[in-house]
Novice: 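Next up is a structure, given as structure tokens.
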Amino acid sequence: MRKVKDKPLIYLFMALLALFFLAPFTWLILSSVDPKADIRFRIPSSITLNHYAKVLTGRTFTWIVNSSIISLASATLATLLSVLASYSLTRYKFKGREALVDFFVILRLMPVMVVVLPIMIIFARIGILDTLFSVILLETALELPFSVMIGSSYFETIPTDFEEAAMIDGCNRFLAFLRVTLPLSLPGLVTIWLLAFVTAWGDFLVPLFLLRTPDKFPVSVGIYMVFGEHGTVNYGLLSALSIIYSIPVLVVFLLMRKYLTKGIAGLAIR
Amino acid sequence: MIMKSKSYLIGLLLSLLFIASSLCLGYLYAHPQKRVLRICYGEPWKIPTEDAIKEFKAKFPDVEVKAEMIPYGVDIVAKESADFAAGVAADVVLVDSFMIPEYAEAGYLAPLDKLVAAWPDWKYYSLPMRRIVSYKGHVYGIMFDTDVRMIWYRKDVFKEAGLPVPWQPKTWDDILKAALTIKKKVKGIFPIYIPAGTKWGEATTMQGFYMLLLGADKPPRNRLYDYKTGKWIGKSPALLRAFKFYYDIYVKYKLAPTEFNFVPDVWGTWRRTFGPDRLIGMALGGSWEWGEAWGPKGIAPVPDRDKVVGFAKMPGWSGGAHGEPKWVTVSGGWAWTIYSKSKVKDLAWEFLKIVNERDRVAKYAAAFGKVAPRLDAAKVPEYAKNSYLMAILEYLKFTDFRDAMPGYSKVSYFIQETTEKIVLEGMTPEKALDYFYSKMVKTFGKDKVEVIPLGS
Amino acid sequence: MKLRSSYLGIILLLPALAVMLAFVVFPTIWGVVMSMTNASLVGIGAAHPRFIGLNNYISLLRDSRFYHSLSVTVIFTVFSALIGQVALGLALALLMRRKDIKGKSVIATAVFISWVIPEVVAGYMWGSYASREGLLNLIIKALRLDRLGIEPTNWLFYKPLETITIANVWRGTAFSMILFSAALESIPNFLYEASSLDGASSWDRFRYITLPLLAPAILTDLILITIWTFSVFTMPFIMTGGGPGTRSELWTIYIYRQALLPPYEIGYAAAAATLMFLFTLVLIVAYITVLKRGWG
């Protein structure tokens with residue numbers, strides 16, 4: 001076949017692509033080890049790891065702790081609730097089941113901006129604005145539709161036969177679920193938990209609206225706040241914080257890349 | 001041997017602990033009515049406050065002092081406001097002077113009129129320093145940490161442009177002429193910079209706009225608030241004149257760097273471009289920049305700072321010829337106050353006298369390169385040997401303050417928005433004034449916004 | 001699969017449903033109620049909001065800044081999602097199919113990482129990248145792009161909308177790439193083999209085989225990324241904050257600024273958010289319909 005002539009052209013295209021996608025990361029990485037980091041691009045004349053050490057102290061560390069609390073709590077809550085819900089959706093039939101599935105799709109695709117504004121006022125009224133708790137609640141609610149969708153698709157792959165066999169063997173429904181279905185769907189649960197975790201971990205909009213006190217901020221809002229601060233921005237520290245903050249997300253997504261690709265492929269071929 | 005001495009040591013420590021605790025218990029028993037003074041302050045003022053507490057304890061050994069330091073990273077204003085609102089504030093509170101009207105209006109602060117009247121040191125506080133801490137004719141605090149604003153200029157740029165150094169403009173025209181000369185004579189320099197737009201936030205209003213407004217008409221027409229009628233001023237010749245100055249330097253003559261007002265890091269960019277990068281001829285800015293930004297340990301150190309960086313007083317628009325102040329500056333800062341519900345106001349006042357002692361205030365100011373709020377700081381050697389601080393001490397005599405009445409943050413935001421429209425869209429001063437006025441009327445209602453006729 | 005009918009099913013659903021109703025559905029309805037009041041974050045409107053009917057909507061429809069934010073959002077969506085991400089995603093997907101090209105996985109990983117890295121971090125690094133002394137300008141100088149009329153500048157100030165649009169292509173292309181790759185995989189190989197026997201050029205094959213068979217995937221992609229791009233907030237917000245002035249003020253940023261900056265008009269912002277919700281709802285319903293009907 002012909003494929004020889006266009007090869008140089010394709011490699012040129014790839015070089016441009018590499019430049020386009022990789023260049024923005026350069027400054028982030030260089031400035032995180034540059035003792036004299038600045039918003040300007042520069043090649044560091046010496047290299048330091050001080051910024052990374054400093055991230056783990058003071059308020060930047062507080063922000064990491066806050067992000068962890070929010071993400072761990074909301075991911076766990078979302079997983080628990082979605083397991084029950086998706087088990088129900090795949091094992092029982094009741095009126096409005098179809099509509100419910102549509103409803104989850106709508107909730108999942110709805111812009112968060114629409115929800116966050118009234119909820120700020122509601123939370124202020126009931127006096128839980130500016131608490132980590134309020135952020136955890138809303139993050140959980142926002143993660144749920146997606147979590148239920150993943151959960152349902154997992155439970156669907158597990159035949160009811162096993163469960164029924166277990167029930168014949170004398171287990172009640174709950175035990176059957178606990179002994180048979182749950183272990184089989186463990187990878188699904190881990191997926192739900194991890195995706196919910198990184199969703200909350202990376203979120204900015206919800207804590208931006210719901211939190212006021214700097215020592216309650218998660219990393220995302222902390223970075224935003226420092227970025228515009230009174231002229232004393234320590235870009236080296238901020239870049240190191242950004243990198244440390246990105247690591248859990250990158251690890252999770254790179255581990256789950258195949259799974260995500262499969263999920264998106266499901267949208268394409270129907 | 002080692003074991004023996006170790007257990008010996010532990011035994012000694014234990015018995016010491018026992019003696020100490022029984023002494024404490026006995027002491028507490030003997031002094032059941034020990035009075036407590038609670039003091040709340042932010043970490044930036046740790047050193048002078050702890051020093052004052054030590055002195056206070058020596059003077060009042062039978063008073064227990066509970067110091068509550070708000071650490072870095074916590075919003076001090078938010079924390080103190082919450083404490084006041086919840087009724088759990090400390091007896092002595094170091095507050096942002098900008099919040100005094102709001103706190104006083106809410107009844108959180110104890111008036112200090114009689115106390116300061118009998119205090120010999122009060123005379124060393126200039127009239128403006130007294131007015132910052134006053135609300136509706138009553139004194140509520142004592143300024144501890146303050147600042148002033150001025151025109152910063154580059155001596156090297158001025159020399160290159162053939163302008164005199166040292167330089168002291170007498171009118172706004174002098175400033176404009178100098179800037180035009182720089183534009184003509186020195187390439188690659190933005191002749192003048194005044195903060196504008198919403199990105200700068202409050203700095204646009206305080207570092208830029210107030211410096212113009214206060215010198216744009218005779219008092220009290222040179223403000224944003226009319227204290228007689230209790231209304232905001234939505235339209236006035238002073239507002240128009242101030243907007244026009246923005247228009248002239250940013251739009252008409254293109255002397256100022258619009259772009260610098262909209263970079264992600266406005267503070268860092270301004271300090272760098274005026275300092276080490278030498279891109280700006282002159283600018284309106286705060287007194288702290290000398291040390292904090294361009295000093296040897298600053299954020300953007302300027303080699304040979306004393307030779308290349310100069311400063312001048314901001315004049316009134318016609319140099320006082322039309323009744324406006326001859327010189328203009330504006331101050332903010334932190335003041336010691338007493339909580340209105342405190343049960344130990346006498347002790348609180350004793351502490352205020354100690355913490356605000358001349359030497360303590362002057363030494364703290366000198367150590368951090370800040371202007372001292374007391375004029376007699378000049379008599380303290382640590383302060384007097386710093387020629388820069390001595391030079392700006394004079395500013396305290398004519399300094400002024402923001403109209404921090406309830407609702408001020410909205411007004412300030414409208415000012416920022418209006419200057420943004422001017423510098424970005426080239427909005428004319430007249431249209432800018434209309435825009436500002438319409439925002440004010442929409443927010444506060446027509447009956448709460450005053451108009452001073454433009455022809456008057 | 002056999003489904004049982006039992007109340008237990010509903011009981012198991014309840015906790016999740018309750019959380020979503022309380023924290024997503026109820027607030028959305030509450031937002032509609034708020035949009036008919038003069039609610040405000042501070043001052044009188046905060047303590048005692050008054051019912052003012054459709055007044056917020058009327059003044060919204062008279063607000064030129066609202067229309068401006070609308071057109072900014074449309075430009076942003078059309079260019080970054082519909083053109084940028086779809087075209088680049090398709091090109092990348094086609095590239096990934098070429099077995100004779102090395103180094104594809106590096107590109108794919110880079111595209112993927114740009115998509116998953118936290119948005120705040122992405123906005124932060126683009127803030128430096130596109131600034132006057134950022135790397136972008138150095139690249140422009142090195143590649144002598146001034147010959148094409150691309151001059152180094154402060155991109156965030158002089159070309160804010162263009163910059164956030166390109167940054168969003170950078171950010172979101174991965175999704176289209178993955179979707180199209182999967183769709184391409186599903187095209188049977190014999191179709192291509194047959195066509196090359198017929199002597200069709202590679203363009204012909206793309207035009208008459210790949211594109212038609214890809215159409216359903218492209219439609220799914222278009223609807224989904226339109227919905228998502230429409231509600232993008234964080235990265236542009238970190239990069240330009242909607243500025244300078246209102247030059248890159250997306251709908252979401254407009255709502256944020258109306259609500260959380262003076263004069264803090266929450267009711268007014270809620271009206272804008274409600275309109276946004278209705279618009280998105282139309283798109284989502286279209287998506288569900290397309291999804292259910294299938295492609296066929």
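To find a chain, count down the sequence lines: A is the first, B the second, and so on, and within it residues start at 1.
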Novice: In terms of heavy-atom proximity below 4.5 Å to chain C, should A:Phe13 be classed as side chain, backbone, both, or neither?
Specialist: side chain
Novice: Could you check whether any side-chain N or O of C:Arg171 sits under 3.5 Å from a backbone N or O of C:Ile117, counting only pairs where one atom can act as donor and the other as acceptor?
Specialist: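 Such a contact is found between C:Arg171 side chain and C:Ile117 backbone.
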Novice: For the candidates C:Lys102, C:Lys104, C:Met276, which exhibits the highest count of non-hydrogen atom pairs separated by less than 4.5 Å from chain A?
Specialist: C:Lys102
Novice: At a 4.5 Å cut-off on heavy atoms, which part of C:Ala18 comes close to chain A: side chain, backbone, both, or neither?
Specialist: neither
Novice: Once you round to the nearest 0.5 Å, how far does CD1 of C:Ile178 lie from CE of C:Met96?
Specialist: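 Reported value, rounded in 0.5 Å steps: 10.5 Å.
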Novice: Keeping the roles fixed (side chain from A:Ser88, backbone from C:Gly9), state whether a donor-acceptor pair exists under 3.5 Å.
Specialist: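 Checking the backbone N and O of C:Gly9 against the side chain of A:Ser88, a donor-acceptor pair under 3.5 Å is found.
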Novice: Can you tell me which portion of C:Ile29 sits under 4.5 Å from chain A's heavy atoms? Options are side chain, backbone, both or neither.
Specialist: neither
Novice: Check whether C:Leu214 gets within reach of chain A through its side chain, its backbone, both or neither, counting any heavy atom under 4.5 Å.
Specialist: neither
Novice: Evaluate ring pair (Phe, Tyr, Trp, His ring centres under 6.0 Å) for C:Phe277 paired with C:Trp251, printing each intermediate quantity in order.
Specialist: CA-CA 11 Å; C:Phe277 167 63; C:Trp251 203 345; over 10 Å; no
Novice: Top residue by heavy-atom pair count (under 4.5 Å) with chain A, among C:Trp228, C:Phe26, C:Phe237, C:Trp115?
Specialist: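 Sorted descending by pairs with chain A, the first entry is C:Phe237.
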Novice: Kindly compute the distance separating CG (C:Leu136) from OG (C:Ser131), expressed to the nearest 0.5 Å.
Specialist: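 C:Leu136 atom CG to C:Ser131 atom OG measures 9.0 Å (nearest 0.5 Å).
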Novice: Which atoms of C:Tyr129 come close to chain A, meaning under 4.5 Å heavy atom to heavy atom: side chain ones, backbone ones, both, or neither?
Specialist: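 Answer is side chain: those atoms of C:Tyr129 sit under 4.5 Å from chain A.
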Novice: Against chain C, work out which of A:Leu250, A:Leu138, A:Ile10, A:Leu22 has the most heavy-atom pairs shorter than 4.5 Å and name it.
Specialist: A:Ile10
Novice: Aromatic rings A:Phe217 and A:Trp63: how do their planes relate, parallel, tilted or perpendicular, breaks at 30° and 60°?
Specialist: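 Rings of A:Phe217 and A:Trp63: tilted, as their planes differ by 30° to 60°.
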Novice: As an exercise, state the distance from CD1 of A:Ile106 to CG of C:Leu283, rounded to the nearest 0.5 Å.
Specialist: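 A:Ile106 CD1 to C:Leu283 CG: 12.0 Å, rounded to 0.5 Å.
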Novice: Taking C:Leu135, C:Leu179, C:Thr280 one by one, which has the highest count of heavy-atom pairs under 4.5 Å against chain A?
Specialist: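 Option with the top pair count is C:Leu135.
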Novice: Heavy-atom cut-off 4.5 Å, strictly under: side chain, backbone, both or neither for C:Thr109 against chain A?
Specialist: both
Novice: Check each atom of C:Leu281 against the heavy atoms of chain A and say whether the ones under 4.5 Å are side chain, backbone, both or neither.
Specialist: side chain
Novice: Of all of C:Ile11, C:Ile288, C:Thr28, which one pairs up most often with chain A through heavy atoms under 4.5 Å apart?
Specialist: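 When all of C:Ile11, C:Ile288, C:Thr28 are compared, C:Ile288 has the most.
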Novice: Looking at A:Gly202, A:Ala124, A:Ala141, A:Ser31, which has the largest count of heavy-atom pairs under 4.5 Å with chain C?
Specialist: A:Ala141
Novice: Shorter than 4.5 Å, heavy atoms on both sides: which option in A:Val148, A:Val198, A:Leu208 has the most such pairs with chain C?
Specialist: A:Leu208
Novice: Can you tell me which portion of C:Ile218 sits under 4.5 Å from chain A's heavy atoms? Options are side chain, backbone, both or neither.
Specialist: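 Neither the backbone nor the side chain of C:Ile218 comes within 4.5 Å of chain A.
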Novice: Measure C:Leu14 against the heavy atoms of chain A and call it side chain, backbone, both or neither at under 4.5 Å.
Specialist: neither
Novice: Suppose we screen for side chain to side chain donor-acceptor pair (under 3.5 Å). Which residues come up paired with C:Thr252, at least two apart in sequence or across chains?
Specialist: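 If we apply the side chain to side chain donor-acceptor pair (under 3.5 Å) test to C:Thr252, skipping adjacent residues, there are no hits.
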Novice: Among C:Phe112, C:Phe180, C:Trp30, C:Trp126, which residue forms the greatest number of heavy-atom pairs with chain A at distances under 4.5 Å?
Specialist: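 The option with the most such pairs is C:Phe112.
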Novice: Flag the one option from A:Phe21, A:Phe103, A:Trp201 with the top tally of heavy-atom pairs under 4.5 Å to chain C.
Specialist: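 Highest number of pairs under 4.5 Å: A:Phe21.
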Novice: With only heavy atoms counted, which part of C:Ile107 is less than 4.5 Å from chain A, the side chain, the backbone, both or neither?
Specialist: side chain
Novice: What part of C:Tyr287 gets within 4.5 angstrom of chain A, counting heavy atoms only: side chain, backbone, both, or neither?
Specialist: side chain
Novice: Checking A:Arg97 side chain against A:Leu89 main chain: does a donor-acceptor pair fall under 3.5 Å?
Specialist: yes
Novice: Using modelled atom types and a 3.5 Å cut-off, is there a donor and acceptor pairing between side-chain atoms of A:Ser82 and backbone atoms of A:Thr79?
Specialist: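 The answer is yes, because a donor-acceptor pair under 3.5 Å joins these two groups.
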Novice: Is a side-chain N or O of A:Ser239 found less than 3.5 angstrom from the main chain of A:Gly236, in a donor-acceptor match?
Specialist: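 Absent.
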Novice: So which of A:Leu77, A:Leu80, A:Val114 has the largest heavy-atom pair count under 4.5 angstrom toward chain C?
Specialist: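 Highest number of pairs under 4.5 Å: A:Val114.
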Novice: Nearest 0.5 Å please: distance from the CG atom of A:Leu260 over to the CZ atom of A:Arg257.
Specialist: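 A:Leu260 CG to A:Arg257 CZ: 10.0 Å, rounded to 0.5 Å.
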Novice: Rounded to the nearest 0.5 Å, what separation is found between the CG atom of A:Leu129 and the CD1 atom of A:Ile121?
Specialist: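 Result: 8.5 Å between the selected atoms.
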Novice: Would you mind checking which part of A:Phe123 comes under 4.5 Å of any heavy atom in chain C, side chain (CB onward), backbone (N, CA, C, O), both or neither?
Specialist: side chain
Novice: Contact part of A:Leu109 toward chain C, heavy-atom cut-off under 4.5 Å: side chain, backbone, both or neither?
Specialist: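 Both parts, heavy atoms under 4.5 Å.
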Novice: Can you tell me how far apart CG (A:Leu144) and CE (C:Met20) are? Round to the nearest 0.5 Å.
Specialist: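 Answer for the CG-CE pair, A:Leu144 versus C:Met20, is 5.0 Å.
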Novice: Picking from C:Ser231, C:Gly241, C:Ser128, C:Ala273, which has the most non-hydrogen pairs under 4.5 angstrom with chain A?
Specialist: C:Ser128
Novice: Please say which of A:Tyr224, A:Tyr245, A:Trp27 ends up in a ring-ring contact (aromatic ring centres under 6.0 Å, His included) with C:Tyr124.
Specialist: A:Trp27
Novice: Non-hydrogen atoms of chain A under 4.5 Å away: do they reach the side chain of C:Val25, the backbone, both or neither?
Specialist: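 Contact with chain A: side chain only.
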Novice: Which residues pass the side chain to side chain contact (heavy atoms under 4.5 Å, CB included) test with A:Ile43, not counting sequence neighbours?
Specialist: A:Leu30, A:Phe41
Novice: With distance as the sole test, does A:Thr90 use its side chain to make a donor-acceptor pair with the main-chain N or O of A:Tyr87 at under 3.5 Å?
Specialist: yes
Novice: Could you look at C:Ile238 and say if it's the side chain, the backbone, both or neither that has a heavy atom under 4.5 Å from chain A?
Specialist: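 Contact with chain A is through both the backbone and side chain of C:Ile238.
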Novice: Between chain C and each of A:Asp102, A:Leu19, A:Val221, A:Leu205, count heavy-atom pairs under 4.5 Å; write down the option with the most.
Specialist: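 Highest number of heavy-atom pairs under 4.5 Å: A:Asp102.
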Novice: Less than 4.5 Å to any heavy atom of chain A: does that hold for the side chain of C:Met125, its backbone, both, or neither?
Specialist: both
Novice: Contact part of C:Leu88 toward chain A, heavy-atom cut-off under 4.5 Å: side chain, backbone, both or neither?
Specialist: side chain
